[in-house]
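Input: a single structure, listed below in structure tokens.
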Amino acid sequence: MSIWEYANPVKFIRVTDRILPWIAGGAALCLAVGLVWGFFFTPDDYRQGATVKIFYLHVPAAMMAINAWVMMLVASLIWIVRRHHVSALAARAAAPVGAMFTLIALITGAFWGQPMWGTWWEWDPRLTSFLILFLFYLGYMALWQAIENDDTAADLTSILCLVGSVFALLSRYAVLFWNQGLHQGASLSLDAEENVADVYWYPALVCIAGFVLLFVALVFLRTQTEIRARRTRALLAREGRG
Amino acid sequence: MDVIAQDLAVARGGVPVLEGLSFVLGPGQALVLRGPNGSGKTTLLRTVAGLQPPLAGSLSGTEDRIAYAAHADGLKSMLSVAENLRFWAQVFGASDIKPALAAFDLDPLQDRLAGSLSAGQKRRLGLARLMVTARPVWVLDEPTVSLDAASVALFAGVVRRHLASGGCALIATHIDLGLTEARILDVTPYRAAPRAALQDEAFL
Amino acid sequence: MTALLWRDLRLALRAGGGFGLGLAFFLIVTVLVPFGVGPETALLTRIGPGVLWIGALLACLLSLDRIFALDWEDGSLDLLATAPLPMEGIVSIKALAHWLTTGLPLVLAAPVLGVLLNLPPAGYLWVVVSLALGTPALSVIGTFGAALTVGLKRGGLLLSLLVLPLYVPTLIFGAEVARRGAEGLALQSPLLMLAGISFGVIALLPFASAAVLRINLR
């Protein structure tokens, strides 16, 4: 069986209907466990005190903000190459979720930065890159909204997503060049030596899993809504009332 | 070379409007499209002109041979009549605009700005553009709108000469051009049944 | 192709073509900045190169929606699409015409406005060089944005929202060249990056713009 079978809208709805409760439940469980564990059962950092605990929201949100864009890029490519409608709708559905994650990362970052750096906002390369990423999300969503014909909108937003990805990467390097910044290096990597201590690491992993599941659940839900809206319109049109 | 449309289906905004349409248009022939408003004549002409892909069916003999004239004339109001025409002549690689000016009786107007012309004069200028394209297949969408009787006769004469020199024409029009040799194709029987737009069909 | 370029230039120069609007806008922005930040010459000297870059960028943005909108309204875009010109060529020529009527005047006017901002003598050359290298990229990227929004009602605001994030890398490197030039610092790397971005977008982006325009004409 090929994976492309799931690109059939009806099949997509049937399958996601079955697994959505599990994913949503998993997201709720992971987030509850991870956040409670992180907030109440880890020691305060010796330098940063309790402030460090915003890390459990900040880091997963920031990771998902980027991953959501990557997912949109992949979905856009699939639409351009294979023209599966579900793919275009999934990209559309992921955009507001990604934008919210970006916003969460920016806001929690401000709350973290204020006591640490003494400022709510710093034109640091990472912060600036996220702000630019947020602008890309806004432009992408605005283009979807502005165009009436859905296929045209899917084509145009896919190309915008491709071009935007190149420029987002360019911006990232431009911003790095422009200001070296205050932000600490990556907190987590697969390379265990550089990682934060294990006590922080395990709850953080649970939180990240929670955010991934939350993202998947939201994208599935929003894609289903889009599919059902289109299906309703198609059915009305078939009965000559469209 | 003939223009051949086979089992053509065309869509406007993703909604199929005409289907199962076939015709052959050989050198020296003219085909007049008839049908009520909204029946898809403009969409068919845009498809033949290559501005949009057909939904189904095949189209041959159109590649780089079409001169298209739409509702809008594509005139720049800040350029003179001669400048407008010369621009299109250069784009299509022709050089002489005199025959086109003469054929549509535009000689006395050639230094006027296109913006100061009357609607009928603009239309004549828009149609004169066809002659400088040096292309054999004319695809014309309601070419006689805002033309008076004398101008319509002028235009019919130009089309007849174009046909005589081995060109052909596909014309959507409501009025009788007096082209007795033209065949008439009523598109009404080919109208697509109302149904979901193509982009929604995948969701049924 | 050259016929299209000459037509666009002639249209821009005739009355109602909007030539000079961008230039006037550039002048006004530059004059307004001292009102906003205060008349200290030391401060103006320091921010001058950046102000000139922002001014040029906004002036460029102002005229983007005219690139295709007028041809779309009067139907000539449909006719051009059926003409024996490749769509990639059409969008490139349109971008070139936009640069010649908007970008180039801005480059030439920048040193004059630099006087108003008390630019240090070393800065003039590099402001002009950075704008001369960077404004073509602004025109080409803007043409892509204009192609995306052609035919949309109220496309102007959307156009800004789409194009401004794409302008970020060009602005950063361009303003950096101008700033470092004015302060007498080494500027080879931002200069090379700016040139790289410009040549990269000139070479590649017309393909995206042409694809987008074809979709919009459909």
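This structure is a prediction, so every number in the text was calculated from the model and none was measured. Quick note: numbers below take in every heavy atom, side chains included, and nothing from hydrogens, waters or symmetry partners. Reminder, nothing fancy here: chain letters follow the sequence lines and each chain counts from 1.
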Q) Hey, what do you get for CE (C/Met193) to CZ (A/Phe177), rounding to the nearest 0.5 Å? A) 8.0 Å
Q. Who among A/Gly164, A/Gly139, A/Ala146, A/Ala174 has the most heavy-atom pairs with chain C under 4.5 Å?
A. A/Ala174
Q) In a check of side-chain contact (heavy atoms from CB on, under 4.5 Å) between C/Pro169 and each of A/Ile132, A/Leu170, A/Leu169, which one passes? A) A/Leu170
Q: Taking atom OH of A/Tyr173 as the centre, report whether more than 12 heavy atoms of other residues, nucleotides or ligands fall under 6.0 Å from it.
A: no
(Q) Please classify the contact between C/Leu158 and chain A as side chain, backbone, both or neither, with a heavy-atom cut-off of under 4.5 Å. (A) side chain
Q: Supply the atom-to-atom distance C/Arg218 CZ to A/Asn149 CG, rounded to the nearest 0.5 angstrom.
A: 7.0 Å
Q. Checking heavy atoms, do the side chain of C/Tyr167, its backbone, both or neither come under 4.5 Å from chain A?
A. neither
**Q.** Leading residue by heavy atom contact count with chain A [cutoff under 4.5 Å; candidates C/Val168, C/Leu166, C/Leu171]
**A.** C/Leu166
Q) Which atoms of C/Leu164 come close to chain A, meaning under 4.5 Å heavy atom to heavy atom: side chain ones, backbone ones, both, or neither? A) neither
**Q.** Under 4.5 Å from a heavy atom of chain A, the part of C/Leu157 involved
**A.** neither
Q: Pick one of side chain, backbone, both or neither for C/Arg214, based on which atoms fall under 4.5 Å of a heavy atom in chain A.
A: neither
Q: Check the pair C/Val201 / A/Phe167 against side-chain contact (heavy atoms from CB on, under 4.5 Å), numbers first and verdict last.
A: CA-CA 10 Å; C/Val201 298; A/Phe167 276 87; 3.7 Å; yes
Q | Among the listed options C/Leu152, C/Thr170, C/Val163, the residue most often paired with chain A at heavy-atom distances under 4.5 Å | A | C/Leu152
Q. Can you tell me how far the CD1 atom of A/Ile147 sits from the CG atom of C/Leu148, to the nearest 0.5 Å?
A. 7.5 Å
Q: Enter the distance from C/Ile215:CD1 to A/Leu156:CG here, rounded to the nearest 0.5 Å.
A: 5.0 Å
Q. Who among A/Leu143, A/Leu135, A/Leu138 has the most heavy-atom pairs with chain C under 4.5 Å?
A. A/Leu143
(Q) Return the CD1 to OG1 distance between C/Ile172 and A/Thr128, rounded to the nearest 0.5 Å. (A) 8.0 Å
Q) At what distance, to the nearest 0.5 angstrom, does CH2 of A/Trp178 lie from CZ of C/Phe173? A) 12.0 Å
